Engineer: 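Pasting a structure below so you can have a look.
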Amino acid sequence: MNPWTLEPLNPRIPEPLIVALLTLILTLIYLPSPLLSQRHPAHEWHLLYLNVRDRLIPKEEAKTRLGELEPLLKDAYLQTLKSNDDERLYFPLKGYTSDSIGGKRGSGYQVQGYDFFDGNQHKGHPGHDIFIRDRDQDGLDDLTGRPVAVVSASPGIVVSVNINWEPSSPVRGGNYIWVYHPTKSRYYYYAHLKEVSVRIGQRVAGGDRLGTVGRTGVNAYLRRSPTHLHFTVHESKEGYPKPVNPYNELVKGSFFLK
Ligand SMILES: [Zn+2]
């Protein structure tokens, strides 16, 4: 055969093979996504929380799903557990103590009418506001001229973050972080941050940097609001997170600053 005259390639593929390929493609398209992607349960938690926050899911359905996710998070957490679980609560603002907690002896904690599943529309104030020295509201510490670090009060897995909050957003927490501590069945919520320096699925230890204090969120953004971190602790039983008052733990935590 003359090597300069190429034979056209034969494009014939056996028909049974085409049928098999089409079946495989269609199966992959219609397969439920968790089977395909094997997402980390922290990502599942984040997606579920967006639906809770924006009230796009019935409460019972969300509670059931949360109850299914918590054991998965616990498994993932225990697999990566390297050292002992630190039990003490770290004060979440670097360079500050419990003297900076708003109200009189933690009176800012108001749990009446609050329900986790009310999401962004929730009533009450089931946490503490911890204020920084920022008279000019530039988000920097007036004494040091530097941002104030938010540190993790507890070990755990980052299960949700919100970044790039804009004043047009209706999200009250602004840039926030949720950390789940599976062995204590606790959720820690940090709100109104400027910068968020952790990602979903990341394992954190108590005292690890999470980001910096900011003024993000519908109310925290307004001039009348002094610059603060909003800090809430929930304890979850079978997927129903209920707030607990961490005031006494925060007072003790002031002595464990790194
Ligand atoms: Zn608050």
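Both ligands and their constituent atoms are indexed starting at 1 by order of listing. Owing to the predicted nature of the structure, the values given are computational and were not obtained by experimental measurement.
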Engineer: Return a table of donor-acceptor pairs under 3.5 angstrom between the side chains of residues 125-132 and protein atoms on other chains or two or more places apart.
Structural biologist:
residue: His125; atom: ND1; partner: Gly108; partner atom: O; Å: 2.8
residue: His125; atom: ND1; partner: Gly127; partner atom: O; Å: 3.2
residue: His125; atom: NE2; partner: Asp129; partner atom: OD1; Å: 3.3
residue: His125; atom: NE2; partner: Asp129; partner atom: OD2; Å: 3.3
residue: His125; atom: NE2; partner: His230; partner atom: ND1; Å: 3.1
residue: His128; atom: NE2; partner: Asn245; partner atom: OD1; Å: 2.7
residue: Asp129; atom: OD1; partner: His230; partner atom: ND1; Å: 3.1

Engineer: What pair of heavy atoms forms the shortest contact from Val150 to Tyr190, and how long is it?
Structural biologist: CG1-CD2, 3.8 Å
Engineer: Is the Tyr114 ring parallel, tilted or perpendicular to the His122 ring (thresholds 30°, 60°)?
Structural biologist: perpendicular
Engineer: Would you say the side-chain atoms of Arg105 and Tyr247 include a donor-acceptor pair closer than 3.5 Å?
Structural biologist: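 No, no side-chain donor-acceptor contact under 3.5 Å.
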Engineer: Can you name the nearest heavy-atom pair linking Ser225 to Ala220, along with the distance?
Structural biologist: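 What the structure gives for the nearest pair is OG-CA, 3.6 Å.
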Engineer: For a salt bridge (charged side-chain N to carboxylate O under 4.0 Å, His left out) with Asp118, tell me which candidate from Arg55, Lys123, Arg172, Arg53 qualifies.
Structural biologist: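 Single salt bridge (charged side-chain N to carboxylate O under 4.0 Å, His left out) partner of Asp118 among Arg55, Lys123, Arg172, Arg53: Arg55.
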Engineer: What protein N/O/S atoms sit under 2.8 Å from the Zn ion (ligand 1), by chain and number?
Structural biologist: His125 NE2, Asp129 OD1, His230 ND1
